[in-house]
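Please read all numbers here as calculations on a predicted model, not as lab measurements. These values consider heavy atoms only, across backbone and side chains, with no hydrogens, waters or symmetry-generated copies.
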Amino acid sequence: RLKISASQLKTLRDGFIENNKKAQALSDKVLKPIKDKYEGMHPKSVAERDQLQSQAQKEVAAARQKIEPDLEKIAQEFEDLVKKTLSKKQMDDFHALKGKPFNPSGG
């Protein structure tokens with residue numbers, strides 16, 4: 001429906017793949033040490049297991065929060081690539097296809 005040319009499609013695919021690799025590498029960089037830290041542990045009780053699980057979840061949440069600005073930057077880079085690659089008409093058609101943004105509150 002957007003009538004994207006082969007070269008536009010290649011540019012968008014390559015950009016998507018590259019940005020996905022960046023995001024995955026960033027995520028792996030901060031999450032792998034946490035995974036490695038807890039992976040070899042063998043809790044002796046359910047309470048100890050629950051405590052370790054809670055600690056790991058807190059560390060993961062903190063790590064994700066720390067990289068969130070970088071992930072947003074990567075997403076913005078791709079959005080900029082889309083805007084640069086597609087014509088105004090293609091962008092207008094794309095926005096029309098997306099429809100209204102979802103609002104969970106219904107308002």
Side-chain angles (χ1 to χ4, degrees):
R1 294 182 183 202
L2 300 181
K3 298 179 183 169
I4 295 175
S5 71
S7 66
Q8 286 175 312
L9 184 59
K10 180 176 177 1
T11 298
L12 294 174
R13 271 193 189 141
D14 290 350
F16 178 82
I17 290 168
E18 183 62 32
N19 282 15
N20 190 43
K21 286 179 183 177
K22 284 183 199 177
Q24 188 63 52
L26 181 61
S27 185
D28 289 348
K29 180 180 174 183
V30 298
L31 296 179
K32 187 176 182 329
I34 298 168
K35 180 183 175 231
D36 291 348
K37 175 181 174 180
Y38 290 96
E39 194 170 52
M41 294 186 175
H42 303 288
K44 294 174 179 60
S45 67
V46 172
E48 185 181 356
R49 180 202 65 200
D50 292 346
Q51 181 184 16
L52 289 173
Q53 197 170 38
S54 177
Q55 287 173 347
Q57 289 171 345
K58 287 177 185 174
E59 288 181 38
V60 166
R64 285 189 174 145
Q65 185 175 4
K66 182 179 174 183
I67 64 170
E68 185 62 31
D70 294 324
L71 293 174
E72 287 175 7
K73 181 181 172 196
I74 291 168
Q76 184 62 50
E77 287 172 4
F78 183 70
E79 193 171 315
D80 292 346
L81 176 67
V82 170
K83 289 176 184 175
K84 186 175 93 175
T85 303
L86 299 180
S87 70
K88 177 165 177 12
K89 171 139 179 44
Q90 287 170 322
M91 285 299 295
D92 290 345
D93 291 346
F94 175 65
H95 289 300
L97 284 172
K98 287 192 328 185
K100 288 177 61 176
F102 174 71
N103 184 347
S105 66

Give the minimum heavy-atom separation between Leu81 and Gly15, together with the two atoms involved.
CD2-CA, 3.6 Å

Qualifying residues under side chain to side chain contact (heavy atoms under 4.5 Å, CB included), relative to Phe16, sequence neighbours excluded
Phe78

Side-chain ion pair, Lys88 and Asp92, N-O less than 4.0 Å
yes

Neighbour count >12 (heavy atoms, 6.0 Å) for atom CD, Gln65:
no

Which pairs pass ring-ring contact (aromatic ring centres under 6.0 Å, His included) with one or both residues in residues 33-67, sequence neighbours excluded?
none

Please answer whether the main-chain N or O of Ile74 pairs with a side-chain N or O of Asn19 as donor and acceptor at a distance below 3.5 Å.
yes

Using modelled atom types only, decide if a donor and an acceptor are shared between the side chain of Gln57 and the backbone of Ser54 within a distance under 3.5 Å.
no

Between Gln90 and Thr85, what is the shortest heavy-atom contact and its length?
OE1-O, 4.4 Å

To the closest 0.5 Å, what do you measure between CD (Glu77) and CD (Glu18)?
9.5 Å

Considering all heavy atoms, the nearest Met91-Leu86 contact:
SD-CD1, 3.7 Å

Which heavy atom of Ala63 sits nearest to which heavy atom of Leu31, and what is that distance?
CB-CD2, 4.1 Å

Pairs touching residues 43-67 that satisfy salt bridge (charged side-chain N to carboxylate O under 4.0 Å, His left out), sequence neighbours left out
Lys37-Glu59

